[in-house]
Structures are given as C-alpha cells and as structure tokens.
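What follows is one structure encoded as structure tokens, with my remarks underneath.
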Amino acid sequence: MGKKLFLLLLCLNLIPFYILAQQAWKPGAVPELGFLAGAYEPSGDARANLLLSKKDWSVGLGTGIDWYRFRSVPVYLQGRKSFGARKSKPFALASGGVNLPMVNEEAGQVGIWTGRWDMIGWTPIPTAFNPGWYAELGAGYGFFNRKQRGFTLSLNWVFKSMSEWYETDAPALAETGGKDRTTTTYFMSRMALRIGWKF
C-alpha cells in the first residue's frame with residue numbers, strides 16, 4: 001500500500017512539470033533579407049529576429065543593418081501571430097524600437113552637404129546624427145515543416161527616423177554664445193519585401 005501511495009504522489013508531482021513542458025516558450029530565430037522601396041532610391045536591409053514561440057504567438061528582439069537613404073541599425077521588439085492549424089500558414093507582425101545612426105562621413109554618406117564659402121573656397125561643415133524611431137507593420141506567409149521551421153515571405157510597411165545637426169558661427173551681433181545649431185529630422189516610410197528562414 002505504501003509503494004502504491006508513493007507512486008501516486010510521484011506521478012501527481014510530475015504532472016505539473018509535464019504540463020509546463022508542453023506549454024513552454026521555445027526559442028528560435030528568423031534571419032531576413034529585405035528589398036526596400038519608398039520616396040528615395042530603392043535599397044535593402046539585413047536583420048535577425050530572436051524569438052520565443054508558444055502556440056501561434058512569437059515575441060522577441062531584433063536588430064540588423066538598414067541601408068535605406070542613411071545607413072542605420074534598428075533595435076526593436078517584435079511580435080508575430082500565426083493563423084491556422086496547417087503546417088504552412090499566414091502570419092502578421094509588428095515591431096517597434098529605436099533607429100541608431102551608422103553614418104560614415106569619410107565615405108560621403110552624410111545627409112546634407114553643408115558648408116560655407118570663405119577665402120579658401122568651399123569648406124564642408126562636419127555633421128552629426130542623433131537616433132530616431134523604428135516601427136513596422138506587416139503580413140506574410142510561412143512555408144513550414146512539421147517542426148514549424150522553414151521559409152518565410154512577408155510584405156511590410158516600415159518607418160524610420162533620424163536627425164542630422166551641425167553648428168556654424170553665429171552672426172557677430174547675435175547673443176547666442178558664438179554658435180548656431182541647425183537640425184534636420186528625416187522621416188522615411190517605405191515598403192519592404194522580405195524573405196527569411198525560421199529556425
């Protein structure tokens with residue numbers, strides 16, 4: 001009788017662990033390559049999303065390199081929702097985060113070529129960039145196997161912003177401490193066609 005009671009208690013203690021194991025969030029990754037088209041010349045991006053998945057939901061962090069107009073590094077939170085019970089299924093996604101500038105002035109990748117004419121000629125004025133925002137909404141289709149791994153294709157609306165600023169000497173009569181600052185903020189909306197692979 002004591003052995004049967006011990007086995008019963010042991011099984012009752014193992015059931016919650018089995019239930020938690022069945023409902024656990026599973027880690028995964030979705031690397032993607034994208035083609036971006038908007039008001040400026042077409043470009044691309046490459047990124048990686050590290051996700052935790054449970055049933056039809058996935059949440060996680062992502063980052064990459066975005067070459068559209070200004071090279072930048074978006075860092076964002078992402079959520080995905082899959083629909084349907086089949087292996088291959090549609091999904092929707094949303095992302096939000098910050099856009100960090102990664103501008104190389106020596107390579108000529110600056111926003112506005114600012115400068116001034118002086119006795120020597122045209123003198124460029126160094127510019128600096130501040131971070132902005134990153135957001136995304138989209139939908140796609142996943143061609144998955146039984147383990148929910150496989151090829152993904154998505155179409156997304158993507159937004160990023162960043163600010164460029166530079167300082168110039170203030171006019172002699174101005175009382176601003178000798179420097180004027182000019183700031184330009186860029187808002188870039190575009191469509192992204194992305195292919196990826198879900199691990």
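No experiment lies behind these values; they were computed from the predicted model shown.
For S82 against K89, the heavy-atom pair with the smallest separation is CB-CD, 3.4 Å. Minimum interatomic distance between G64 and V73 (heavy atoms only, all atoms of both residues): O-CG1, 3.3 Å. For G84 against D56, the heavy-atom pair with the smallest separation is O-OD1, 4.3 Å. Minimum heavy-atom separation, S163 to T183: CB-CG2, 4.2 Å. Annotation for S161 and M188: closest pair CA-CE, 4.4 Å, computed over non-hydrogen atoms. Here the closest heavy-atom approach between residue L52 and residue P27 is recorded as CD2-CA, 3.7 Å.
Summarising the geometry, atom CZ belonging to F35 is positioned 12.5 Å from atom CD1 belonging to I195; distances are rounded to the nearest 0.5 Å. With rounding to the nearest 0.5 Å, the separation of CZ in R190 from CD in E136 is 9.0 Å. To the nearest 0.5 Å, atom CD of residue Q148 and atom NZ of residue K26 are 9.5 Å apart. With rounding to the nearest 0.5 Å, the separation of CZ in F159 from CG in N99 is 9.0 Å. With rounding to the nearest 0.5 angstrom, the CH2 atom of W165 is 11.0 Å from the OG1 atom of T182. Distance CE/M191 to CG/L155: 4.0 Å, rounded to 0.5 Å.
No continuous path of ILVMFWY side-chain contacts below 4.5 Å connects L61 to Y76, so the two sit in separate hydrophobic clusters. No path of Ile, Leu, Val, Met, Phe, Trp and Tyr side chains, each step under 4.5 Å between heavy atoms, connects L77 with L50, placing them in separate hydrophobic clusters. Both Y141 and W197 are part of a single hydrophobic cluster, where members link through side-chain heavy atoms under 4.5 Å apart. No chain of hydrophobic side-chain contacts below 4.5 Å, direct or via other Ile, Leu, Val, Met, Phe, Trp or Tyr residues, connects F144 to W25. Hydrophobic clustering (side-chain heavy atoms under 4.5 Å, transitive across Ile, Leu, Val, Met, Phe, Trp, Tyr) keeps F129 apart from Y134.
Side-chain atoms of T63 come within 3.5 Å of backbone N or O of P74 as a donor-acceptor pair. Between the side chain of N156 and the main chain of V158, no donor-acceptor pair closer than 3.5 Å is present. At least one donor-acceptor pair closer than 3.5 Å links the side chain of S43 to the backbone N or O of W67. Using modelled atom types, one side-chain atom of N49 and one backbone atom of V30 make a donor-acceptor pair closer than 3.5 Å.
Chaining together hydrophobic side chains whose heavy atoms lie under 4.5 Å apart places L93 alongside F91.
Using a 30° and 60° split on the angle between ring planes, Y40 and Y68 fall in the perpendicular class, above 60°.
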Determine, stepwise, if the pair K198 / L51 fulfils side chain to side chain contact (heavy atoms under 4.5 Å, CB included). CA-CA 10 Å; K198 182 181 178 186; L51 303 171; 6.0 Å; no
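Partners of R80 according to the salt bridge (Lys or Arg N to Asp or Glu O under 4.0 Å) rule, which considers only residues two or more places apart in sequence or in another chain, are E32. With sequence neighbours left out, the salt bridge (Lys or Arg N to Asp or Glu O under 4.0 Å) criterion links K160 to D66.
Atom CH2 of W133 is surrounded by 12 or fewer heavy atoms from other residues, nucleotides or ligands within 6.0 Å.
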